[in-house]
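Working notes, structure below.
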Amino acid sequence: MTGVTVRVPAKLNLQLAVGPPRADGYHDLVTVFHAVSLFDEITARPAERDGVSVSGEGAARVPEDGDNLALRAVAALRAATGADAGGVHITIAKRIPVAAGLAGGSADAAAALVACNELWGTGLGQPQLLEIAAQVGSDVAFAVLGGTAVGRGRGERLTPALAPATSYHWVLAFADGQLSTPAVYAALDQLRAAEAGGPAAEAGGPAAESGGPAVTHGAAAEHGSAEPVLDAALMSALRSGDARQLGRALSNDLQPAALSLFPALRKTLAAGLELGALGALVSGSGPTCLFLAASADRALDLAASLSGAGVCRSVARATGPVPGAAVVPAVR
Ligand code: C5P
């Protein structure tokens, strides 16, 4: 076998409810992941030693050494299976922007797992791949699974969402800049500590101990608890397949933190809503903004108008849900 190519989607978070910081620095989440048709393609080929090369959108900002999440996934698969098939070279063709809140790095890691499982004939099934994926990063398991799914824990404990086969039309507005995920989580902790009247939160600090409504956005706030809660209105919207309901139910606890670090995103979100989007949200830790459109035609109009409004670097359209990382059949 000369090589295996895998296509892997970006993810959106339709809900992202964030709890207080844990002792290990992570935050417990309840999130609704949604895979969309913006894909990276990675190819794994046998090589003397492990290596990675990256091309496409934002390639210059992706590390090409052992820090690359795809290579960490390769090492994790090797450790878990004892596979001894020599080195592997991973080629990544990026369309998912880097550090954009779309889990592009996690997607590449998921794709590397699926590709090497095929290349080495290790024959792991999806449940085993999901377990290894969860060790590599918080969003990697979802990129293996795809579709729409509820994530808990750090986001790695997944339950597929049962929903009709509705396809939603999204417009993504890519920002001129990046946001670091840890910095956005830290900003959220600080905002919450300030609201609770205390000093900046430390792990298990005032925001966690207050027991009161330390959050102002998302289902957790409505339930008067700092523990994240799955939004019943969002799940009901997904079951109904009604895009209008879904647009109203989108929520992201990280949004105020992302906006505090990247204030220009307010304009982007407002522009999308003025142009008729059914809902607008910062994607994950940002800075990409996502907009839900009522139809493919509306998405086309919205994308064109947003791009003309000068409120983002570029736009893309995508539909969701789509399947997770999958081998692309070789052309013979
Ligand atoms: O797991 P991953 O490497 O994707 O996470 C990146 C960073 O995002 C973590 O180091 C942490 O700072 C933050 N994070 C978090 N809580 C989560 C997921 C990520 O605080 N549930």
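Below, each value reflects all heavy atoms present in this structure, side chains not excepted, and no hydrogens, waters or symmetry copies. Here, residue 1 is the first one in the sequence, and each next residue gets the next number. Order of appearance sets the numbers: ligands from 1, and atoms from 1 within every ligand.
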Shortest protein heavy-atom distance from [atom], along with the residue and atom involved:
{"atom": "atom 3 (O) of ligand 1", "answer": "Y26 OH, 4.2 Å"}
{"atom": "atom 6 (C) of ligand 1", "answer": "T181 CG2, 4.3 Å"}
{"atom": "atom 14 (N) of ligand 1", "answer": "Y185 CE1, 3.4 Å"}
{"atom": "atom 18 (C) of ligand 1", "answer": "S138 OG, 3.5 Å"}
{"atom": "atom 21 (N) of ligand 1", "answer": "H27 O, 2.8 Å"}

L29: heavy atom below 4.0 Å from ligand 1, yes or no? yes
Can you establish whether the number of heavy atoms outside R244 located under 6.0 Å from its atom CZ is more than 12? no
Greater than 12 external heavy atoms within 6.0 Å of D84's CG: no
Lys/Arg N to Asp/Glu carboxylate O, D253 vs R192, below 4.0 Å: yes
Atoms of ligand 1, numbered as shown, that sit under 4.0 Å from any heavy atom of [X]:
{"X": "P182", "result": "7 (C), 12 (O)"}
{"X": "G25", "result": "20 (O)"}
{"X": "R154", "result": "1 (O), 21 (N)"}

Which heavy atom of V30 sits nearest to which heavy atom of P228, and what is that distance? CG2-O, 3.5 Å
Could you give the distance from CD (Q255) to CG (L250), rounded to the nearest 0.5 Å? 10.0 Å
Answer with yes or no whether the hydrophobic clustering places I92 together with F39; edges join I, L, V, M, F, W, Y residues whose side-chain heavy atoms lie under 4.5 Å apart. no
Criterion side-chain hydrogen bond (donor to acceptor under 3.5 Å, both in side chains) against S285, the qualifying member of N13, N252, T181: T181
